[in-house]
Amino acid sequence: MKIDIREILEERDGALQAKSAAHWLRDAVEEPVPEPEPEETTEYVEAQVEPEPEPEIEPEPIVQSEPEVEEEPAEEPEPQVEREPEPEPEVEEDPAEEPEPAVEPEPEPEMGEESPIDDVIEIPTETATVELEPETEPVVAKAETKGSYLGVFALIVVTIALIGATVYITSMVPRTINATIDGEKMTIESKKHIIEKALEEAGIDYCDEDMISLAAEGFVVDGMELELIHAKDYTITADGETLDYKSLEDTVGAALKEEGIEIGKLDIVTPAVDKELKDGAKVVVQRVVKKKETRTEKIKFKTEVVYVDTLKEGKRETVTEGKDGEAQVTYEVTYTDGKETKKKQLEKKVTKKAVTEVVNEGTAVAFEGKMYRKKLTVKAYSYTGGGRTAMGTRARVGEIAVDPRVIPLGTKVYIPGIGERRAEDTGGNIKGNTIDIYMNSVGACRRWGRRTITIYIE
């Protein structure tokens with residue numbers, strides 16, 4: 001660092017003498033420098049500092065301590081200034097952050113007065129420089145840091161080389177994987193380093209839904225144990241749509257729960273929720289809802305037919321016209337997937353009664369020039385042996401046994417091929433449209449046998 005004293009003195013308008021300038025120089029320099037021995041000749045001292053450019057230091061105003069007691073120059077002791085360890089000038093210093101303490105300037109001595117440091121040093125009018133010892137410690141620190149970086153870099157290079165050599169050597173040796181695939185044990189040999197690549201090389205596919213005991217991104221270790229269980233593929237049809245799923249669950253119910261499909265108490269699941277979930281299964285969920293509904297319904301009128309012999313066979317006439325009624329009926333209605341599949345009547349209240357329709361139907365027929373009330377198709381049997389009839393008459397030729405509910409007792413009938421007969425008797429086996437004709441002999445009965453005939457009722 002070079003300080004031109006002459007320029008500084010010129011800036012101060014030459015108001016100070018050389019001895020006063022020496023006092024100002026000692027206060028202006030950041031590092032206190034030992035004052036040189038007074039000599040007769042001019043001495044130039046060069047200060048060797050680091051080659052880095054230093055910011056120019058603006059000179060501070062010349063200050064001089066106010067002498068309280070005048071001392072003789074010969075008795076003033078030489079100031080001993082100890083050098084601070086390794087002071088480095090700050091390259092950039094923000095004066096706003098660390099303001100320097102304000103120093104009040106000391107009164108300048110008048111021209112006739114002597115300064116206390118008049119005999120300490122004589123400053124020539126030429127430029128004076130101060131020589132400082134070079135600082136070497138930061139250079140040593142940089143050298144040590146550079147050496148540590150080189151050591152770390154060398155360690156990284158060696159580590160990478162070892163890893164590369166290990167990978168190359170291990171890639172030449174196949175490794176064995178003891179695998180269990182869907183419960184079946186098998187051995188896989190591969191030179192691949194990653195489990196996923198080894199499985200792919202062996203032709204074993206898997207997906208995210210499958211269960212694999214080790215991470216697929218992990219390294220292959222010789223003799224390692226690995227288990228892989230493939231998820232089952234199945235479909236679910238529910239709520240109007242069919243979707244494909246994969247699952248590791250064992251039952252249908254667990255698979256539905258896994259997919260977040262809720263099953264109501266009345267819902268129908270096929271296969272049932274407790275059944276085994278098989279690969280390729282088609283699960284159908286039917287939503288079942290029961291509702292209580294009250295409906296207004298018609299009551300259909302009934303038709304009553306009255307057979308009358310006043311009308312010829314095939315003719316009908318309405319006696320009373322029928323009318324429908326109404327009723328409020330309460331049902332428990334079952335809906336399956338939105339369609340009504342079942343209903344159960346809980347209550348019925350008739351609000352309007354139905355009127356029964358009455359119809360007369362003619363039965364009168366004409367046979368061989370005579371009118372009969374009706375004709376009737378019956379099964380005809382025969383019997384013999386005498387005795388008494390149900391009406392108390394003697395059993396004989398000319399009477400028949402009938403079912404009184406069909407042919408009232410005492411009714412005359414005409415049997416084609418036999419002639420007129422009268423219903424007087426009954427029998428345990430004579431039910432419905434059945435008659436039993438009395439014959440004179442067993443032979444006649446055998447010849448008649450059992451026949452289906454049409455008879456005419458008077």
Side-chain angles (χ1 to χ4, degrees), residues 297-325 327 345 348 350 352-458:
E297 295 184 352
K298 288 183 178 181
I299 302 175
K300 294 290 293 183
F301 65 84
K302 297 179 181 180
T303 301
E304 181 181 350
V305 179
V306 178
Y307 293 96
V308 295
D309 53 10
T310 57
L311 294 174
K312 288 185 178 181
E313 183 181 20
K315 287 188 176 182
R316 298 180 59 142
E317 65 178 8
T318 301
V319 178
T320 304
E321 185 178 356
K323 294 181 180 180
D324 292 335
Q345 181 176 319
K348 183 177 181 179
V350 178
K352 182 180 180 181
K353 292 184 178 181
V355 177
T356 302
E357 185 179 62
V358 179
V359 178
N360 289 338
E361 184 174 347
T363 61
V365 294
F367 182 73
E368 294 180 353
K370 187 178 180 179
M371 291 298 296
Y372 294 93
R373 290 189 301 113
K374 64 180 179 180
K375 64 180 180 180
L376 187 65
T377 300
V378 297
K379 293 178 182 179
Y381 296 89
S382 62
Y383 73 106
T384 189
R388 292 287 180 181
T389 65
M391 292 182 67
T393 61
R394 181 174 59 87
R396 67 197 184 279
V397 175
E399 57 88 9
I400 61 174
V402 298
D403 183 350
R405 295 173 299 179
V406 178
I407 302 174
L409 293 175
T411 302
K412 291 181 178 181
V413 300
Y414 179 83
I415 303 173
I418 295 179
E420 289 186 358
R421 294 288 188 270
R422 185 171 182 262
E424 296 180 1
D425 203 359
T426 60
N429 294 326
I430 308 303
K431 302 295 183 183
N433 291 4
T434 305
I435 64 173
D436 202 355
I437 305 171
Y438 189 87
M439 299 289 181
N440 283 327
S441 64
V442 175
C445 292
R446 288 177 179 174
R447 285 190 299 269
W448 177 264
R450 182 182 69 86
R451 300 179 186 183
T452 300
I453 60 174
T454 300
I455 63 173
Y456 298 88
I457 303 172
E458 291 185 0

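For the pair Val359/Thr303, a side-chain contact is recorded, criterion being any heavy-atom separation below 4.5 Å from C-beta on. At least one side-chain heavy atom of Thr320 sits under 4.5 Å from a side-chain heavy atom of Val355. The closest side-chain heavy-atom distance from Arg446 to Met439 is not below 4.5 Å. A heavy-atom distance below 4.5 Å is found between the side chains of Arg396 and Glu424. For the pair Thr452 and Thr377, the minimum side-chain heavy-atom distance is below 4.5 Å.
A salt bridge does not link Lys300 to Glu357: none of the charged side-chain nitrogens sits closer than 4.0 Å to a carboxylate oxygen. Using a 4.0 Å cut-off between charged side-chain N and carboxylate O, Glu313 and Arg373 make no salt bridge.
When the ring-ring contact (aromatic ring centres under 6.0 Å, His included) test is applied to Tyr456, the partners found at least two apart in sequence or on another chain are Phe367, Tyr372. Here Thr318 pairs with nothing under the side chain to side chain donor-acceptor pair (under 3.5 Å) rule; sequence neighbours left out. Residues that satisfy the side chain to side chain donor-acceptor pair (under 3.5 Å) test with Arg388, not counting sequence neighbours, are absent from this structure. Residues satisfying the side chain to side chain donor-acceptor pair (under 3.5 Å) test with Arg421, not counting sequence neighbours, are none.
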Handout entry: Test side chain to side chain contact (heavy atoms under 4.5 Å, CB included) applied to Glu420 and Glu458, step by step
Key = CA-CA 10 Å; Glu420 289 186 358; Glu458 291 185 0; 3.2 Å; yes

Handout entry: Residues Lys312, Glu361; criterion salt bridge (charged side-chain N to carboxylate O under 4.0 Å, His left out); working and verdict
Key = CA-CA 8 Å; Lys312 288 185 178 181; Glu361 184 174 347; over 6 Å; no

Handout entry: Stepwise side chain to side chain contact (heavy atoms under 4.5 Å, CB included) check, Leu376 with Ile457
Key = CA-CA 8 Å; Leu376 187 65; Ile457 303 172; 4.3 Å; yes

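Atom CD of Glu297 sits in a crowded spot, with more than 12 heavy atoms from other residues, nucleotides or ligands closer than 6.0 Å.
Residue Ser382 holds its OG atom at 11.5 Å from CG of Asn440, rounded to the nearest 0.5 Å. Note: Ser441 OG to Arg447 CZ = 5.5 Å, rounded to the nearest 0.5 Å. We find the OG1-NZ distance between Thr434 and Lys379 to be 6.5 Å, quoted to the nearest 0.5 Å. Interatomic distance, Glu317 CD to Asn360 CG, rounded to the nearest 0.5 Å: 5.0 Å. Taking CD1 of Ile437 as the start and OH of Tyr381 as the end, the distance is 12.0 Å to the nearest 0.5 Å. Considering CD1 of Ile299 and NZ of Lys353, their distance stands at 10.0 Å, rounded to 0.5 Å.
Results of the side chain to side chain contact (heavy atoms under 4.5 Å, CB included) test with Ile455 over Ile400, Asn433, Ile407, Val402 single out Ile407 as the only residue that passes.
Tyr307 contributes no side-chain N or O that, together with a main-chain N or O of Lys374, makes up a donor-acceptor pair within less than 3.5 Å. Thr363 places a side-chain N or O within donor-acceptor distance of the main-chain N or O of Val308, the cut-off being under 3.5 Å. Judged by distance alone, with hydrogens and angles left aside, the side-chain atoms of Asp403 form a donor-acceptor pair with the main-chain N or O of Gly432 at under 3.5 Å.
Considering all non-hydrogen atoms of both residues, Gly325 and Ala354 come closest at N-CB, 3.6 Å. When all heavy atoms of Arg422 and Gly410 are compared, the closest pair comes out as NE-O, 3.9 Å. Here the closest heavy-atom approach between residue Ala327 and residue Lys348 is recorded as CB-CE, 3.8 Å. Across all their heavy atoms, Trp448 and Ile453 have their closest contact at CZ2-CD1, 4.5 Å. Nearest heavy atoms, Lys323 versus Phe301: O-CB, 3.3 Å. The shortest non-hydrogen separation linking Ala401 to Ile430 is O-CG2, 4.0 Å.
A donor atom on one side chain and an acceptor atom on the other are not found under 3.5 Å apart for Thr356 and Glu304.
For residues 429-442, the set of pairs meeting the salt bridge (Lys or Arg N to Asp or Glu O under 4.0 Å) definition, not counting sequence neighbours, is empty. Under the side chain to side chain donor-acceptor pair (under 3.5 Å) criterion, the residue pairs touching residues 410-419 are Glu368-Tyr414, with sequence neighbours excluded.
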